[in-house]
2 protein chains.
Amino acid sequence: MLLSKSCVYGVQAAIYMASLPRNEYVSIQEIAGKLNISFHFLTKVLQNLTQAKLLMSYRGPNGGVALARQASDISLADVIEAIDGGDIFKECLFGLPGCGVADPCPAHENWTSMRSRLQHLCTSLTLEELGKRANQLNVRLANADAPMNPAMLLAVMNSKNKPVGTE
Amino acid sequence: MLLSKSCVYGVQAAIYMASLPRNEYVSIQEIAGKLNISFHFLTKVLQNLTQAKLLMSYRGPNGGVALARQASDISLADVIEAIDGGDIFKECLFGLPGCGVADPCPAHENWTSMRSRLQHLCTSLTLEELGKRANQLNVRLANADAPMNPAMLLAVMNSKNKPVGTE
DNA sequence: TTGTATTAAGAGTATTTTGTCTGAATAAAT
DNA sequence: ATTTATTCAGACAAAATACTCTTAATACAA
Ligand code: SF4
Ligand code: SF4
């Protein structure tokens, strides 16, 4: 797979946050519940995003995470790079280090053109755009094969969606 | 990484074989030596390719593996699918199972168009083409960071490149 | 001040991927 | 026949990745 699972989870969570009517602190429990991801694992993944200043976090009751910038100012590539590292768009199909036009392998040109298309796609897709689509279409973000456990269900039902700055 | 390491090794080996002047049995020792891959590991990888009828193998002295079809009749996609499975070109950026236009995620259209480009690239790149380029350009196939061990060096030096069908 | 809801940090476990090794089977060469 | 060079098959080990759990730190609420 191109992206690690951690990265997929992070992207899903980011889009979920961007799809909310307002930018507000959402508990990771709620996100994990909606997206059907392990809460503890998602917590660690989202820590990468807060450290990369893409999210801001707030501890204590009614805390959670929220987008640190405007959704229109965060690209899919930002999220991917924060979790999987910037090499995704630089490395090769064949994963060989230190290659380039000076010493290329036989697929170099085809691959680099492919890769730059991918990078362009990811940098031009903003969370705003993705969140909007997630709302407009009746769209699915997460893998829905496992049922929610009671704790998550509760967390989702109790989510108050309290806007940022109203506390 | 998009492709597993096994898959990368298999692709490299396939291109190496296609780059030879004639299609002939080459020992896996020689390939592993030239490409700087663990012999035993490459052996297992190439077994996938023989089982997929992309290679034919021959045991005993002067044995080895050779392309089972014309290099022009084997695509990069053939090799990739034989090792990593056919899902590579079907699965998603996000790796979610069973999704499609009926129940898409917000990035679906962008991704599927990307993915079909990739698939088209891989199915249209033949081993003949790649082998030819590997010869024309002074091209590198393998990761050259570790020195060869004596056994491999020997195997490479002793390679007789005996053509298929001359025994 | 005490209890509760939350993220932060990190140790620990499980699973998958990658790599190593050993012993067979096979066929050529001597 | 025996030795040698090779692939085949599969057990085993190591490393990377994915996931779980426990304990803190923080901040709100009663
Ligand atoms: S030369 Fe290009 S295609 Fe080949 S391994 Fe390097 S980056 Fe990839
Ligand atoms: S809907 Fe499309 S882009 Fe989204 S997860 Fe499925 S295949 Fe991927």
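Chain letters run A, B, ... following the sequence lines, proteins first, then strands; residues in each count from 1. Note that the structure is predicted; figures quoted are calculated from it, not measured.
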### Nearest-Å distance for atom pair CG/C1', residues Leu49(A) and dA8(C)
14 Å
### Summary
Note: for Leu46(A) and Gly60(B) on DNA chain C, the residue whose nearest nucleotide lies more 5' is Leu46(A)
### Backbone of Leu54(A) reached by a side-chain donor or acceptor of Asp78(A) within 3.5 Å
no
### Query
Does the Asn23(B) side chain pair with the main chain of Leu67(B), one donor and one acceptor, at a distance under 3.5 Å?
yes
### Message
Check whether Asn135(A) reaches the backbone of Ser19(A) with its side chain - one donor and one acceptor, N or O, closer than 3.5 Å.
### Response
yes
### Task
Verify the contact: side-chain N or O of Ser57(B) to OP1 or OP2 of dT6(D), cut-off strictly under 4.0 Å; return yes or no.
no
### Summary
From CG of Asn62(B) across to C1' of dT4(D) the rounded distance in Å is 11 Å
### Query
Does Lys5(A) make a side-chain N or O approach to OP1 or OP2 of dT17(D) shorter than 4.0 Å?
no
### Task
Would you kindly give the NZ-to-P distance between Lys44(A) and dT22(D), to the nearest whole Å?
15 Å
### Query
What is the distance, rounded to the nearest whole Å, between atom CD of Gln47(B) and atom P of dA25(C)?
15 Å
### Query
Looking at the side chain of Pro61(B), which of dT4(D), dA5(C), dT7(D) is the nearest nucleotide?
dT4(D)
### Message
When you measure from the side chain of Arg115(A) to the backbone of Glu91(A), do you find a donor-acceptor pair of N or O atoms at a distance under 3.5 Å?
### Response
yes
### Query
Counting any heavy atom closer than 4.0 Å, what does Ile28(B) reach on the DNA or RNA strands: base, sugar-phosphate only, or nothing?
sugar-phosphate
### Message
With heavy-atom distances below 4.5 Å as the criterion, would you say the side chains of Thr126(B) and Asp73(B) are in contact?
### Response
no
### Query
Side-chain N or O of Tyr9(B) less than 4.0 angstrom from OP1 or OP2 on dG19(C)?
yes
### Query
For dT7(C), does OP1 or OP2 lie under 4.0 Å from any side-chain N or O of Gln51(A)?
no
### Task
Grab the CE-P distance between Met1(A) and dA16(D) for me, whole Å please.
18 Å
### Message
Below the 4.0 Å mark, does dT20(C) have OP1 or OP2 next to a side-chain nitrogen or oxygen of Ser38(B)?
### Response
yes
### Query
Quick one: is dT17(C) close enough that its OP1 or OP2 comes under 4.0 Å of any side-chain N or O from Ser6(B)?
no
## Note on the structure
When rounded to whole Å, the CD to P distance for the pair Gln29(A) and dT4(C) reads 16 Å
### dT7(C) base / Arg59(A) side chain donor-acceptor hit below 3.5 Å
yes
### Query
Which one, dC21(D), dC28(D), dT18(C), comes nearest to the side chain of Tyr58(A)?
dC28(D)
#### Entry: Spacing of Phe41(B) atom CZ relative to dT7(D) atom C1', expressed in whole Å
17 Å
### Query
Relative to the 5' end of DNA chain D, which residue comes earlier, His40(A) or Leu3(A), by the nucleotide with the nearest heavy atom?
Leu3(A)
### Message
If we ignore hydrogens and angles and just use 3.5 Å, is the side chain of Arg133(A) paired with the main-chain N or O of Ala107(B) as donor and acceptor?
### Response
no
### Task
Please tell me which of the listed nucleotides, dC21(C), dT7(C), dT7(D), lies nearest to the side chain of Ser27(B)?
dT7(D)
### Query
Rounded to the nearest Å, what distance is computed from the CD1 atom of residue Ile37(A) to the P atom of nucleotide dT20(D)?
12 Å
